[in-house]
Novice: 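Sharing a structure here in structure tokens format.
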Amino acid sequence: MLGALHLVLALAAARAGQREQARKELANAREVAARLGEDRNDFNLEFGPTNVEIQAVSTAVDLGDAGEALDLGGRIDAGQLSPERRSRLLIDLGRAHAQRRHLGEAIDCLLRAEELAPESVRTHMAARATIRELILIAGRSAPSELVKLAKRANATG
């Protein structure tokens with residue numbers, strides 16, 4: 001529980017633009033995860049070293065550090081986590097690619113996230129905002145798979 005609370009605080013700080021506080025809370029969560037030593041799902045709170053790194057990706061994206069998010073995400077093996085957690089990682093990697101204007105990579109991440117957990121992409125506000133942003137970036141030359149994804153996620157307007 002303690003580690004999960006540090007992650008919530010890290011995300012809240014990142015969304016408020018409090019970079020130092022976000023990093024401090026991530027460090028605290030990493031300490032708790034190291035003591036735990038494994039990924040677990042007690043009380044349906046997926047927590048452990050892997051989940052902390054997934055949240056570090058999300059925090060980096062929220063802070064506008066796309067390069068850091070992509071670097072961190074490239075080192076994560078989330079195969080043992082739930083489809084929802086893996087989908088969330090892909091959503092955040094898609095957001096990071098969108099920040100970098102990597103249209104193809106962003107679309108690929110979002111489509112893979114949708115394959116794992118469709119409801120995650122279709123109901124996640126940041127995912128939907130990213131899809132809308134990609135549509136704007138692509139303009140009239142938006143790939144058909146992006147247009148279809150936007151329709152499925154109700155992210156066209």
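Model, not experiment: these values are computed from the prediction.
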Novice: State whether the side chain of R15 and the backbone N or O of D62 hold a donor-acceptor pair below 3.5 Å, judged by distance alone.
Specialist: no
Novice: Does V57 reach the side chain of E53, with side-chain heavy atoms less than 4.5 Å apart?
Specialist: no
Novice: State whether the side chain of S87 and the backbone N or O of P83 hold a donor-acceptor pair below 3.5 Å, judged by distance alone.
Specialist: no
Novice: May I have the step-by-step check of salt bridge (Lys or Arg N to Asp or Glu O under 4.0 Å) for R85 and D39, ending in yes or no?
Specialist: CA-CA 12 Å; R85 293 307 303 143; D39 295 314; over 6 Å; no
Novice: Where the side chain of E114 meets the backbone of L149, is there a donor-acceptor pair that is under 3.5 Å apart?
Specialist: no
Novice: Does R95 use its side chain to pair, donor to acceptor, with the backbone of T130 at less than 3.5 Å?
Specialist: no
Novice: Side chains of E133 and R101: closer than 4.5 Å at any heavy-atom pair?
Specialist: yes
Novice: Of the non-hydrogen atoms in A13 and A22, which two are nearest, and what is the gap between them?
Specialist: CB-N, 3.6 Å
Novice: List the atom of L36, the atom of G48, and the distance in Å for their closest heavy-atom pair.
Specialist: CD2-CA, 4.3 Å
Novice: Any side-chain to backbone donor/acceptor pair from R128 onto N154? Under 3.5 Å, distance only.
Specialist: yes
Novice: Going by heavy atoms in the side chains, are T59 and L11 under 4.5 Å from each other?
Specialist: yes
Novice: Would R19 and E68 count as a salt bridge (Lys or Arg N to Asp or Glu O under 4.0 Å) here? Give the steps.
Specialist: CA-CA 13 Å; R19 182 177 305 277; E68 180 181 347; 5.6 Å; no
Novice: Write down the atom of C109, the atom of H97, and the distance for their closest heavy-atom approach.
Specialist: SG-CD2, 3.9 Å
Novice: Group every Ile, Leu, Val, Met, Phe, Trp and Tyr by side-chain heavy-atom contacts under 4.5 Å, then state whether I54 and L72 land in the same group.
Specialist: yes
Novice: Would you name the heavy atoms of A29 and L7 that are closest together and state the gap between them?
Specialist: CB-CD2, 3.6 Å
Novice: Same cluster or not: are L110 and L89 linked, directly or through other Ile, Leu, Val, Met, Phe, Trp or Tyr residues, by side-chain heavy atoms under 4.5 angstrom apart?
Specialist: no
Novice: Take D92 and R88 through the salt bridge (Lys or Arg N to Asp or Glu O under 4.0 Å) test and state the conclusion after the steps.
Specialist: CA-CA 6 Å; D92 287 332; R88 179 57 195 259; 3.1 Å; yes
Novice: Under a single-linkage definition using a 4.5 Å side-chain heavy-atom cutoff for Ile, Leu, Val, Met, Phe, Trp and Tyr, are L2 and V8 assigned to the same hydrophobic cluster?
Specialist: no
Novice: Search all heavy atoms of G73 against all heavy atoms of L93 and return the closest pair with its distance.
Specialist: CA-CD2, 3.9 Å
Novice: If hydrophobic clusters are built from ILVMFWY residues whose side chains come within less than 4.5 Å, do I135 and I107 share one?
Specialist: yes
Novice: Quick one: pull up CG in L9 and CG in N28 and give me the separation to the nearest 0.5 Å.
Specialist: 9.0 Å
Novice: Check R23, Q18, E25 against Q21 for a side chain to side chain donor-acceptor pair (under 3.5 Å) and give me the one that passes.
Specialist: E25
Novice: In terms of hydrophobic clusters joined by side-chain contacts under 4.5 Å, are L26 and L5 together?
Specialist: no
Novice: Rounded to the nearest 0.5 Å, what separation is found between the CD1 atom of I131 and the NE2 atom of H124?
Specialist: 11.0 Å
Novice: Going through the checks in order, is the side chain to side chain contact (heavy atoms under 4.5 Å, CB included) test met by E119 and E84?
Specialist: CA-CA 9 Å; E119 67 285 351; E84 292 78 19; 3.8 Å; yes
Novice: Please report the closest heavy-atom contact between A66 and A96, naming both atoms and the distance.
Specialist: CB-O, 3.5 Å
Novice: Taking V61's backbone N and O only, do any of them form a donor-acceptor pair with Q99's side chain (distance below 3.5 Å, no angle check)?
Specialist: yes
Novice: So, do L70 and E105 sit near enough that their side-chain heavy atoms are less than 4.5 Å apart?
Specialist: no
Novice: If you define the side chain from C-beta out and look only at heavy atoms, does anything of T50 sit under 4.5 Å from I76?
Specialist: yes
Novice: Verify, without hydrogens or angle tests, whether R86 (side chain) and L81 (backbone) share a donor-acceptor contact under 3.5 angstrom.
Specialist: yes
